[in-house]
Amino acid sequence: MLAEIKGLNEECGIFGVYGHPQAAQMAYYGLHALQHRGQEGAGIVVSDGTELKQSKGPGLVTEVFNEHDLKALNGQAAIGHVRYSTAGGNSYENIQPLFFQSSTGSLAMAHNGNLVNAMKLREELETSGSIFQTTSDTEVIAHLIKRGKHQSRLENIKESLRALEGAYAIVMLTEDQLIAALDPRGMRPLSLGKVGSGYAIASETCAFDVVGAEYIREIHPGEILVIDEKGMHVDSFAQPKDRAICTMEYVYFARPDSNVDGDNIHSVRKRLGKTLADVSTVEADVVTGVPDSSISAAIGFAEQSGIPYELGLIKNRYVGRTFIQPSQELRERGVQMKLSAVRKIVEGKRVVMVDDSIVRGTTSKRIVKMLKEAGATEVHVRISSPPITHPCFYGIDTSTSGELMAANHSIEEMRDIIGADSLSFLPIKSMVEAVNREDLSPNCGHCLACFTGNYPTDLYDDSLPPYKKEQLIGARN
Ligand code: AMP
Ligand code: SF4
């Protein structure tokens with residue numbers, strides 16, 4: 001399985017700005033708003049019109065940059081990236097934006113998503129002489145662009161994008177242009193905004209709010225935007241294919257104050273919670289949500305069921321997400337550090353515990369135990385998405401098949417393992433209806449692969465033998 005080798009797996013946030021005198025500061029604030037999309041590294045590249053300068057490092061946005069760094073990054077255009085890498089791909093070189101210099105000019109690039117043919121492309125490029133410095137998919141794109149045969153750089157970029165398969169939302173920066181592109185299935189969100197007389201691009205609209213940018217529209221699948229001193233040039237590099245936006249963006253990943261395709265994420269999650277209450281009614285005294293991503297769904301569940309919503313679980317807001325801890329033991333300790341049950345609220349009560357998803361089952365198991373230790377008489381777990389039975393190849397870390405609880409156990413077995421009195425998931429159809437996308441593509445434009453195993457693309461790299469994958473990326477991790 002490709003996902004057994006995690007070197008190329010990334011979930012990230014990207015930001016770009018053009019035409020603002022303090023572009024680096026804008027990128028800093030934009031990335032800060034996108035911090036939930038990646039906490040392991042951050043970078044900014046800025047252009048002053050003649051040269052590109054970069055600053056990047058491991059850690060949170062506030063740890064990576066200081067005032068001095070930002071002052072040194074003077075310019076009117078910038079791109080930035082926050083990175084969440086999984087095991088193996090954590091080296092400094094992999095922190096984005098990646099920055100390439102050549103006789104024909106500089107190019108910086110930041111990418112959110114995961115390609116499913118990166119290894120095949122890398123193999124072809126290596127065979128014909130390319131030497132790679134990182135394990136990141138993004139470098140593959142840069143090599144393709146550099147090898148382009150067209151006179152125009154834009155044509156070379158467009159042709160390179162056409163060679164890619166999988167999920168990619170990309171921002172690029174040259175000395176004089178900001179470029180943004182989205183894969184033909186639109187698997188990741190990417191929005192366009194206006195800031196002063198310039199433009200901003202962001203993975204999520206919450207980044208626009210903090211920098212005072214006004215949302216204009218989504219970037220369309222297969223579209224490429226070029227922004228420079230002449231304004232914005234709208235072009236396309238490929239015909240859009242059936243839309244397959246990542247459903248987990250709605251369920252878990254995006255921030256509740258962001259909008260995707262004009263629909264507010266908090267409202268979508270509330271609808272998921274309401275639908276969940278309809279399909280899995282239970283007699284209980286209080287509803288509580290697992291902070292932060294499940295609060296909206298829990299509120300929806302409470303509203304629909306008539307069972308009062310209470311803050312039965314409190315999060316220590318100064319601890320990062322549990323997923324960033326690599327081992328199971330550390331992950332379990334992470335959950336303990338970050339959540340506490342409120343005894344006065346749950347003691348002697350039948351509690352409905354709403355969470356957005358079960359991946360490995362670590363979170364649910366620990367929380368059920370915590371609630372029972374705090375005196376809950378019954379704990380009914382309600383999950384506002386279907387069981388995750390398949391790994392994601394498109395850049396969300398939903399783990400490998402071997403680790404996915406629902407890939408290896410029936411719902412009754414899962415209930416038993418996590419120690420709940422009952423366990424229910426939201427059926428796929430109900431989830432799709434609750435998100436309510438107005439899209440004529442199959443599945444209303446959703447990717448549902450981690451729930452169904454029906455991947456919207458061929459999985460090219462998955463057919464490579466394991467030794468080849470090790471050769472291509474393993475040695476560099
Ligand atoms: P687990 O503890 O492995 O079952 O993971 C489920 C918990 O992690 C839920 O509380 C989710 O909010 C959260 N979660 C779901 N998907 C992801 C993801 N891709 N990355 C990080 N956390 C996630
Ligand atoms: Fe999102 Fe799941 Fe599709 Fe991955 S497989 S892109 S997590 S919906």
Side-chain angles (χ1 to χ4, degrees), residues 2-3 6 9-12 36-40 84-86 112-116 166-169 183 185-189 243-254 256 260 269 289-298 313 315 320-325 328 330-332 334-336 338-339 353-368 381-401 403-409 414 417-418 423 425 428 431-432 435 443 445-457 459:
L2 172 61
K6 299 282 215 53
N9 229 359
E10 286 162 25
E11 14 179 86
C12 309
H36 60 288
R37 300 183 69 87
Q39 299 92 42
E40 293 191 359
Y84 174 126
S85 76
T86 52
N112 171 215
N114 206 60
L115 305 179
V116 289
Y168 51 95
D183 71 77
R185 293 177 183 82
M187 296 191 72
R188 297 269 150 247
R243 187 85 199 251
I245 192 163
C246 171
T247 310
M248 285 303 282
E249 291 276 356
Y250 289 97
V251 165
Y252 161 75
F253 207 39
V260 176
R269 289 189 188 149
V290 181
D292 297 317
S293 52
S294 306
I295 301 290
S296 310
L313 293 163
K315 183 178 177 183
R321 287 185 174 186
T322 55
F323 256 63
I324 59 176
Q325 320 274 9
Q328 184 72 6
L330 282 178
R331 254 196 302 275
E332 288 189 20
V335 175
Q336 242 169 349
K338 91 179 189 182
L339 286 174
M353 188 275 265
V354 178
D355 201 357
D356 53 71
S357 53
I358 290 184
V359 182
R360 299 173 179 86
T362 319
T363 309
S364 296
K365 188 173 170 187
R366 288 224 59 95
I367 294 175
V368 170
V381 176
R382 294 293 178 269
I383 305 293
S384 60
S385 64
I388 296 177
T389 48
H390 291 76
C392 174
F393 295 92
Y394 306 113
I396 296 274
D397 178 20
T398 48
S399 196
T400 58
S401 304
E403 289 178 326
L404 287 173
M405 198 181 210
N408 300 290
H409 296 284
M414 291 172 80
I417 294 169
I418 65 175
L423 167 66
F425 291 84
I428 292 179
M431 176 178 68
V432 171
V435 177
N443 306 319
H446 289 266
C447 173
L448 299 169
C450 50
F451 311 114
T452 62
N454 295 325
Y455 294 94
T457 67
L459 302 176

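Order of listing sets the numbers, starting from 1, for every ligand and every atom in it. No hydrogens, no waters, no symmetry mates; every other heavy atom, side chains included, goes into these values.
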Sub-4.0 Å atoms of ligand 1 with respect to non-hydrogen atoms of D355: 9 (C), 10 (O), 12 (O)
Heavy atom of I358, distance to ligand 1 below 4.0 Å: yes
Contact check: C246 to atom 1 (Fe) of ligand 2, N/O/S below 2.8 Å: yes
Contact check: V359 vs ligand 1, nitrogen or oxygen atoms, below 3.5 angstrom: yes
A449 neighbourhood, listing ligand 2 atoms whose heavy-atom distance to it stays under 4.0 Å: 5 (S)
Proximal atoms of ligand 1 relative to S293 (non-hydrogen, under 4.0 Å): 12 (O)
For T247, atoms of ligand 2 separated by under 4.0 Å from a heavy atom: 8 (S)
Ligand 1 versus D356: contacting region, heavy-atom distance under 4.0 Å: side chain
Per-residue contact class, R188 against ligand 2 - non-hydrogen pairs under 4.0 Å: side chain
Heavy atom of S357, distance to ligand 1 below 4.0 Å: yes
Closest protein heavy atom (residue, atom, distance) for atom 2 (Fe) of ligand 2: C450 SG, 2.3 Å
Numbering as shown, the atoms of ligand 1 that approach I396 to under 4.0 Å (heavy-atom distance): 19 (N)
Numbered atoms and elements of ligand 1 in range of R360, under 4.0 angstrom, heavy atoms: 1 (P), 3 (O), 4 (O)
Closest protein heavy atom to atom 3 (Fe) of ligand 2, given as residue, atom name and distance to 0.1 Å: C447 SG, 2.3 Å
Any N or O of S294 closer than 3.5 Å to N or O of ligand 1: no
Numbered atoms and elements of ligand 1 in range of G361, under 4.0 angstrom, heavy atoms: 1 (P), 3 (O), 4 (O)
